[in-house]
Amino acid sequence: MAGVHGEVWGAAPRKKAKNMLSHPHICGIGGIGTSGVALLLRDLGIPVTGSDLRPSELTQMLNLRGVHITYQPNPGMAASASCVIVPAFFPKNHPEMEAARAHHIPVIERTEALAWICQRYVEHLTLVLGTQERASVARAIAESDRCGYCTGMASRDGADHAKF
């Protein structure tokens, strides 16, 4: 799999690939999709750090769950992470991405990180694809007796958007 800007992270040596998500740092962690990935990782027992431009309801929820978040670029956090996860549209020249590249830390897009997590950690997977109806379908699944995760489909009603 190719990471952000063509970096290949799936072809890493086996030991490195196994530890890819041992301590990820997530840029833009307060976004709908990235906050869901952060919560999923945290619920799997993986320590997560992140950064965002400003506090929000989502970053407050993540803080309460034990995710350490800074509200300014923190190249040191990225340089000491096992990987850096970024949203699809993220500045190439962001200080955290530059620090990750300088320290040979894999930089991967959120969608690729989610795929990697699902391949290695999720026993049963339900995918909900689409545009307008995906939130209502995700809500219906959440109300069923199934257990799983949903990312990028937040409702703005204060509900826990990532785990259901």
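G30 approaches L58 most closely through the heavy-atom pair O-CD1, 3.3 Å.
Separation of atoms CZ (R54) and CD (Q72) is listed at 14.0 Å; rounding is to 0.5 Å. Taking CH2 of W116 as the start and OG1 of T111 as the end, the distance is 16.0 Å to the nearest 0.5 Å. Once rounded to the nearest 0.5 Å, the distance linking CD1 of I26 with CG of D52 reads 11.0 Å. Rounded to the nearest 0.5 angstrom, C27 SG and H25 NE2 are separated by 4.5 Å. Within the model, atoms CD1 of I117 and CE of M20 stand 11.5 Å from one another, a figure rounded to the nearest 0.5 Å. Here the CZ-CZ distance, from R110 to F89, works out to 11.0 Å after rounding to the nearest 0.5 Å.
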Would I108 and V84 count as a side chain to side chain contact (heavy atoms under 4.5 Å, CB included) here? Give the steps. CA-CA 6 Å; I108 56 176; V84 173; over 6 Å; no
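M97 has its side chain out of reach of P91: every pair of non-hydrogen atoms, C-beta onward, lies at least 4.5 Å apart. Side-chain contact check for T49 versus I69: every heavy-atom pair is 4.5 Å or farther apart. The closest side-chain heavy-atom distance from L39 to R65 is below 4.5 Å. Contact check for I46 versus P24: side-chain heavy atoms found under the 4.5 Å cut-off. Taking 4.5 Å as the limit, every side-chain heavy atom of P75 sits out of range of all side-chain heavy atoms of E98. Residues V37 and I29 are not in side-chain contact: their nearest non-hydrogen atoms beyond the backbone lie 4.5 Å or more apart. The closest side-chain heavy-atom distance from S35 to T59 is not below 4.5 Å.
Evaluation of the side chain to side chain contact (heavy atoms under 4.5 Å, CB included) rule for P47 yields H23 as partners, not counting sequence neighbours. Every side chain to side chain contact (heavy atoms under 4.5 Å, CB included) that T70 has, sequence neighbours left out, goes to S51, H68, N74, M77.
Under a hydrophobic clustering in which Ile, Leu, Val, Met, Phe, Trp and Tyr are joined whenever their side-chain heavy atoms come within less than 4.5 Å, directly or via other members, L44 and L21 fall into the same cluster. Hydrophobic clustering of Ile, Leu, Val, Met, Phe, Trp and Tyr side chains at less than 4.5 Å, counting indirect connections, keeps L53 apart from V86.
Side-chain atoms of H103 do not come within 3.5 Å of backbone N or O of I105 as any donor-acceptor pair.
A side chain to side chain contact (heavy atoms under 4.5 Å, CB included) with L41 holds for exactly one of L114, I85, V67; it is I85.
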